[in-house]
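Data block below; observations after.
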Amino acid sequence: MSLTFVLCFSLFACLLPPSTPLSSSPYLSPTILSPNYQKMLKAFKIYIYPKSETLSFDSKVESLFYSTLKRSNFITQNPEEAHLFFIPHSFNSAVSPRAAASVVSNYRTEYIYWNRTLGADHFYLSCAGVGHGADRNVVELKKNSVQISCFPMASRLFIPHKDTTLPPLANVHAPHAPANKSVNYFAYVRYNWVKESKLVEELLADPEIFVESEPSDQLTYESRLAGSKFCLFEYGPDVTAIGEAMSYGCVPVVIIGRPVQDLPLIDVLSWQRIAVFVGTGGGARELKRVLGRVVVDGYDEMRESAVAASKHFVWNDTPQPYDAFHMVMYQLWLRRHTIRYAEREWV
């Protein structure tokens, strides 16, 4: 697939900060979220089922989300006023579909709420995703309930528009990009960000692209991000540094040969205004040609959008307005409308 094939994604809306010009907004409909977000803060209620075991998650970001959720004002002790129900179970990588089916079966028999929607108003955490199975309980869990996973996510275990991913836990605290960016490099890449050996060799040979294995310290790393127009990532585990790049005004370039459907905050951010998505087959020369066109057609607006969006990748011990925790909650708020069935006996 040629690198000239640039993948664009149109998503949902969020708040446009007063300091962000409309031309560089990272959101599709800047006016929608502000009133919706306030409604969420006032009305949104989550019921957490009593947990029967100590939870052991695969990742720190899952643990942080869960601990923050428990302390939040979204929690209600009255399940009848809840919009959504959280399943407090460790659906970690060691949990088989058979074990997941047993968990759902217990909630189905002990409580009335699962059967009202067949699980559509329930959500759970699973960093790697729950596997598929033939058991009815697993089918309903996978098909109906909202799975909150880590980014990036295996496509076969992720259902777009239903499931969502957590913004990666990274060293991002607030946007750091200077208003007038001093550019030292056309593009910056660390070895672990791009693993295709031929492409790495071509990037190493280009004097405008800075490639290094590991920065000597955090300040050096930050200066690399702040001093580069673009930061290159191959889609995979190391793409989680995308939030850090955005924070320092380094426009992310994601190299992937297929559409990406598990982007963090995909119901909030208009990713085609924040990052460049390119195919895998054109080599460094074609990559530079594509990015050169971006520079001509609107790089400054894309950079400003990336910086503005980076605040939504910030995880705080004490949640702050519009931070990562609140934006994940907002995505759940968008999923709160479900069909509830009349109570009946199940065979």
Side-chain angles (χ1 to χ4, degrees), residues 1-11 20-21 23-28 151-152 165 167-168 170 172 175 177 181 183-190 192-196 198-200 202-203 206 208-211 224-266 268-310 312-313:
M1 182 181 294
S2 171
L3 283 172
T4 57
F5 180 62
V6 181
L7 305 175
C8 294
F9 303 90
S10 295
L11 313 168
T20 304
S23 62
S24 59
S25 165
Y27 317 111
L28 282 180
F151 172 77
T165 55
V172 179
K181 186 180 180 76
V183 176
N184 299 320
Y185 312 106
F186 181 76
Y188 171 66
V189 59
R190 287 167 61 173
N192 58 326
W193 289 356
V194 176
K195 297 180 173 60
E196 205 281 308
K198 182 178 179 181
L199 178 58
V200 171
E202 294 177 353
L203 295 174
D206 192 311
E208 290 189 302
I209 299 177
F210 188 80
V211 182
R224 302 282 195 249
L225 299 179
S228 304
K229 279 186 177 291
F230 298 99
C231 285
L232 276 55
F233 301 89
E234 190 173 33
Y235 184 82
D238 294 303
V239 77
T240 55
I242 194 171
E244 296 175 356
M246 291 160 54
S247 177
Y248 284 91
C250 189
V251 172
V253 179
V254 181
I255 303 168
I256 184 171
R258 60 174 176 80
V260 187
Q261 298 178 308
D262 63 333
L263 290 162
L265 309 182
I266 200 167
V268 177
L269 299 177
S270 182
W271 276 94
Q272 82 276 10
R273 300 179 184 175
I274 297 169
V276 182
F277 296 83
V278 298
T280 56
R285 179 179 296 181
E286 183 67 5
L287 172 62
K288 285 192 66 177
R289 193 185 72 81
V290 172
L291 298 184
R293 190 169 69 238
V294 172
V295 171
V296 172
D297 292 344
Y299 171 82
D300 291 338
E301 288 80 4
M302 181 170 283
R303 174 180 177 269
E304 290 175 15
S305 293
V307 173
S310 68
H312 305 309
F313 284 68

*asked:* With side chain to side chain contact (heavy atoms under 4.5 Å, CB included) as the criterion, how do Y235 and D262 come out once you've worked through the C-alpha distance, each side chain's angles and the decisive distance to 0.1 Å?
replied: CA-CA 11 Å; Y235 184 82; D262 63 333; 2.7 Å; yes

*asked:* As an exercise, state the distance from CD1 of I242 to CZ of F151, rounded to the nearest 0.5 Å.
replied: 5.5 Å

*To the nearest 0.5 Å, how far apart are CZ in R273 and CD in E301?*
11.5 Å

*Looking only at non-hydrogen atoms, find the nearest pair between D238 and N192 and report the distance.*
OD2-O, 2.8 Å

_L225 side, atom CG; R190 side, atom CZ - distance, nearest 0.5 Å_ = 8.5 Å

*Given side chains that start at C-beta, do those of L199 and I255 come closer than 4.5 Å, heavy atoms only?*
yes

*Answer yes or no: is there a donor N or O on one side and an acceptor on the other, between the side chain of E202 and the main chain of A284, under 3.5 Å?*
yes

_Where S305 and P26 come nearest, the two heavy atoms and their spacing_ = O-CB, 3.5 Å

*Decide yes or no for I209 and Y185: does some side-chain heavy atom of the first lie under 4.5 Å from some side-chain heavy atom of the second?*
no

_So F313 and L269, do their side chains get closer than 4.5 Å, heavy atoms only?_
yes

*First locate atom OH of Y299, then atom CG of L291, and finally report the distance between them rounded to the nearest 0.5 Å.*
10.0 Å

_Minimal non-hydrogen separation, G257 against T280, with atom names_ = N-CG2, 3.4 Å

*What residue among E304, M302, M246 forms side chain to side chain contact (heavy atoms under 4.5 Å, CB included) with V251?*
M302

*At their closest point, which heavy atom of V278 faces which heavy atom of V253, and how far apart are they?*
CG2-CG1, 4.2 Å

*So, does Y188 use its side chain to make a donor-acceptor pair with the main chain of C250 at under 3.5 Å?*
no

*For residues G236 and P152, report the shortest heavy-atom separation together with the two atoms involved.*
O-CG, 3.2 Å

*With a 4.5 Å limit on heavy-atom distance, are the side chains of W271 and V254 in contact?*
no

*CD1 of I274 to CG of L265: how many Å apart, nearest 0.5 Å?*
9.0 Å

*Step by step, would you call W193 with C231 a side chain to side chain contact (heavy atoms under 4.5 Å, CB included)?*
CA-CA 9 Å; W193 289 356; C231 285; 4.3 Å; yes

*First locate atom CG of L203, then atom CZ of F210, and finally report the distance between them rounded to the nearest 0.5 Å.*
13.0 Å

*For the residue pair Y27 and S270, what are the closest heavy atoms and their distance?*
C-CB, 4.1 Å

*Start with the C-alpha gap between L287 and F230, add the side-chain angles, then the distance that decides, and say whether side chain to side chain contact (heavy atoms under 4.5 Å, CB included) holds.*
CA-CA 11 Å; L287 172 62; F230 298 99; over 6 Å; no

